[in-house]
Novice: 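Just passing along the structure, written as structure tokens.
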Amino acid sequence: MTGVRVFFRLLGFLAPYKIGSILSVVFALLAMVGTVAIPAITGQAIDAADRGNRDDLTTWMWALAAAAAARWILTVLRRQVAGRVSLGVERDLRQGFAAHLQSLELAYFEGNRTGQLMSRATVDLASVRFFLGYGLIFLVQSALTIVLSAIAMLLINPTLALQALLPVPFVVWIARRYGIRARPSLQEVQQRVGELTSEAEESISGVRVVRAFAREDRQRERFAHSAERVFTQSMHATRLRAFYNPLIGLLPQAGLVLVLLVGGRQVINGSLTIGEFTAFYGYVLALLGPMRTLGTSLGMAQRAVASGARLFEILDREPRIVASEHPVPIPDGPGRIELQGVALQFEQATTQAVSDLTFTIEGGRVVALVGPTGSGKSAIAALVSRLYDPTAGTVLLDGVNLRDLDPIALRREVAVVDDAPFLFTATVADNIAYARPDATPDEIEHVARLAQLHDTIAAMDGGYDTRIGERGLTLSGGQRQRLAIARALLARPRVLVLDDATAAVDATTELALVDGLREAIGDRTALLITNRPATLALADEIVVLDGGRVVDHGTAEELRLRCSLFRDLTDLGAEYAPSLTLAAREQEGL
């Protein structure tokens with residue numbers, strides 16, 4: 001995407017603030033009229049003094065005071081309006097950026113570092129906001145000052161004006177040259193800042209692992225390396241700015257020299273009054289600031305364009321899991337899940353997670369998936385909740401293709417608890433009631449009891465109002481898993497998916513938890529992903545997976561007799577379960 005295109009796309013963010021933007025420009029224009037009027041009034045006052053006309057001198061002094069006051073008031077108004085526009089644009093950008101991130105599928109986040117996304121949501125957005133709110137006005141002000149001052153000088157003395165304005169084309173050319181060279185450099189700075197943010201985020205999030213393996217020195221070295229990369233690239237951008245900005249400010253000095261040389265001689269020979277010379281000199285001085293600001297503003301513009309390009313990389317990324325144009329309402333039914341010839345290959349993976357998978361989970365039944373690591377168990381859980389779409393085949397809920405359902409409505413019907421649940425920095429009750437904020441305290445306590453968590457919560461100082469640390473780090477792994485199970489149960493889903501959700505609890509707690517889950521599951525459909533015999537006791541049927549394919553299915557007794565893979569996977573954990581005898585239920589669907 002070209003810089004010009006990015007620039008005009010950034011201007012599009014001002015559309016909701018047209019009135020404020022127009023007012024900012026109008027106030028800036030009027031303030032610049034006052035700025036340009038001051039040298040002319042000063043020149044008239046000096047000529048009046050030179051003639052000895054006190055009345056005219058008094059009049060011009062009052063006019064000068066009025067112009068200065070008007071410029072001050074207009075500048076204050078412009079800054080207030082521009083500030084409101086700037087902050088409004090920043091708010092809209094942040095909200096729009098966050099909303100777009102929420103619309104993207106899970107695969108996108110698995111392929112992008114969190115620190116890079118955070119850098120774009122903070123540093124890049126701030127660069128765009130500052131330019132749209134302030135830099136753009138500075139750019140307009142500088143251009144208006146140059147144009148109005150040029151007109152005033154041409155009216156006083158066209159020949160001298162052309163000489164004084166001779167450096168302007170060179171300033172424009174150098175500023176353009178600076179922009180061409182600065183943009184890629186600044187974009188690389190932003191990229192490396194994102195890498196630095198990623199390193200910081202990983203060091204903080206993984207602090208337990210860092211401390212556990214005494215790898216603080218390694219993390220410091222990695223962070224120092226990223227910081228050095230930011231410093232090196234920033235120095236390159238700084239050298240460009242250090243060369244071009246002073247040069248842009250130096251060139252107008254040549255015009256000032258010409259005014260003093262040529263204009264001074266005209267005053268001496270009487271073709272130019274001392275007041276006109278003073279006014280002319282004031283206009284050239286007035287050009288120095290805007291020309292320097294022009295370089296600064298162009299630098300801000302280049303930084304905003306570089307940041308905008310990074311933002312548009314994400315904003316232009318279309319979500320790949322979206323609702324159908326005409327979504328089908330969630331069908332009535334018991335929660336029957338069908339997989340028909342399903343295959344799934346994750347992005348950047350060289351092999352399929354599952355392939356040619358066909359089986360049915362009848363509504364109201366509990367089916368367990370058993371298999372070695374990498375056999376496709378978690379991939380099936382992600383397909384059932386439509387966190388991923390299959391690369392081939394179809395997944396149906398009560399006879400309707402999941403692609404035809406609204407994803408948000410679907411996920412209200414399918415609750416997933418994985419082996420590494422995420423908890424928010426909030427109270428225990430807020431975390432449990434995340435899917436149902438209107439849940440009553442009794443409902444929250446009920447599901448906590450089912451998840452064998454109530455006694456633990458009751459022992460906390462604040463009970464259910466206890467705030468847990470970031471990501472639940474103040475809780476043990478087993479407590480986090482049980483809280484996540486309680487959260488899923490409170491959502492009252494039609495289909496409950498437990499992806500190794502009891503992996504972090506001890507054997508005694510697991511047995512009690514299984515009893516609670518049996519009551520909680522009731523007549524709803526449940527998909528259990530586990531190799532633990534105690535949890536398998538919940539299942540009506542078991543599907544054995546290997547290499548992304550179904551190798552066998554049946555009850556635990558049947559599989560122990562005929563499936564060596566099932567025996568190998570469950571024998572190691574058999575001592576944790578007093579019995580692997582499963583409830584006798586009629587087999588259906590497999």
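Count residues from 1 along the sequence.
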Novice: What are the two closest heavy atoms between E105 and R317, and how far apart are they?
Specialist: OE2-NH2, 2.7 Å

Novice: Side chain of N269, backbone of R265: donor and acceptor closer than 3.5 Å?
Specialist: yes

Novice: If only atom types and distance count, is the side chain of S234 paired as donor or acceptor with the main-chain N or O of F231 below 3.5 Å?
Specialist: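 Answer holds: no.
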
Novice: So L136 and L14, do their side chains get closer than 4.5 Å, heavy atoms only?
Specialist: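 The answer is yes, as the side chains (C-beta and beyond) meet within the 4.5 Å cut-off.
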
Novice: Looking at CG of L315 and NE2 of H100, how far apart are the two atoms once the value is rounded to the nearest 0.5 Å?
Specialist: 5.5 Å

Novice: If you compare all heavy atoms of S307 against all heavy atoms of S127, which two are closest, and at what distance to 0.1 Å?
Specialist: OG-CB, 3.4 Å

Novice: Does the N431 side chain pair with the main chain of L423, one donor and one acceptor, at a distance under 3.5 Å?
Specialist: no

Novice: Sort and list the pairs that fulfil salt bridge (Lys or Arg N to Asp or Glu O under 4.0 Å) and have at least one residue in residues 116-135, not counting sequence neighbours.
Specialist: E90-R129, R120-E313, D124-R310

Novice: Please identify each residue that fulfils ring pair (Phe, Tyr, Trp, His ring centres under 6.0 Å) with F346, with sequence neighbours left out.
Specialist: Y388

Novice: Taking atom CG of L311 and atom CZ of F97, what is their separation to the nearest 0.5 Å?
Specialist: 6.0 Å

Novice: Please answer whether the main-chain N or O of R487 pairs with a side-chain N or O of Y434 as donor and acceptor at a distance below 3.5 Å.
Specialist: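 The answer is no, because no donor-acceptor pair under 3.5 Å joins these two groups.
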
Novice: Y283: which residues meet the ring pair (Phe, Tyr, Trp, His ring centres under 6.0 Å) condition with it, sequence neighbours left out?
Specialist: none

Novice: Determine, for R320 against D389, whether the closest basic-nitrogen to carboxylate-oxygen distance falls under 4.0 angstrom.
Specialist: no

Novice: Any donor and acceptor pair, going by atom type alone, linking the side chain of S226 with main-chain N or O of F223 inside 3.5 Å?
Specialist: no

Novice: Closest approach of L240 and S185, non-hydrogen atoms and distance?
Specialist: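 That closest heavy-atom pairing would be CD1-CB, 4.2 Å.
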
Novice: Flag this pair as yes if the NZ/CZ of R9 is under 6.0 angstrom from the six-membered ring centre of F312 and inside a 45 degree cone about the axis; otherwise no.
Specialist: yes

Novice: So, are E216 and R220 salt-bridged, with charged N and O less than 4.0 Å apart?
Specialist: no

Novice: Counting distance only, does the side-chain N/O of T427 pair as donor-acceptor with the main-chain N or O of R467 below 3.5 Å?
Specialist: no

Novice: How long is the gap from OG on S149 to CZ on F280, to the nearest 0.5 Å?
Specialist: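 Reported to 0.5 Å precision, the distance equals 10.5 Å.
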
Novice: If I compare all heavy atoms of L387 with all of I321, which pair ends up nearest, and what's the gap?
Specialist: O-CD1, 3.2 Å

Novice: Any idea which heavy atoms bring V267 and T273 closest together, and the distance?
Specialist: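 Scanning both residues, the minimum pair turns out to be CG2-O, 4.0 Å.
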
Novice: Nearest 0.5 Å, please: how far is CE in M61 from CG in L64?
Specialist: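 With rounding to 0.5 Å, CG (L64) is 5.5 Å from CE (M61).
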
Novice: What I'd like to find out is whether the side chain of I444 reaches to under 4.5 Å of the side chain of V428, using heavy atoms alone.
Specialist: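 Counting from C-beta outward, I444 and V428 never come under 4.5 Å.
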
Novice: Rounded at 0.5 Å granularity, tell me how far CG in L23 sits from NZ in K18.
Specialist: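 Separation between the atoms: 14.0 Å.
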
Novice: Okay, side chain of R480, backbone of L475: is any donor-acceptor separation there less than 3.5 Å?
Specialist: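 Answer holds: yes.
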
Novice: Using a 3.5 Å distance criterion without hydrogens, assess whether the side chain of R411 forms a donor-acceptor pair with backbone atoms of S385.
Specialist: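 Indeed, once roles are kept as given, a pair shorter than 3.5 Å links the two residues.
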
Novice: Tell me if a side-chain donor or acceptor on S86 pairs with a main-chain N or O of A82 at a distance below 3.5 Å.
Specialist: no

Novice: Looking only at heavy atoms, which two atoms of G308 and V128 are closest? And how far apart?
Specialist: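 So the two residues come closest at N-CG2, 4.0 Å.
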
Novice: Before giving the answer on side-chain hydrogen bond (donor to acceptor under 3.5 Å, both in side chains), spell out for D56 and Q44 the whole-Å C-alpha distance, their side-chain angles and the decisive distance to 0.1 Å.
Specialist: CA-CA 9 Å; D56 285 353; Q44 293 294 332; over 6 Å; no

Novice: What orientation do F422 and F424 show, parallel under 30°, tilted 30 to 60°, or perpendicular over 60°?
Specialist: perpendicular

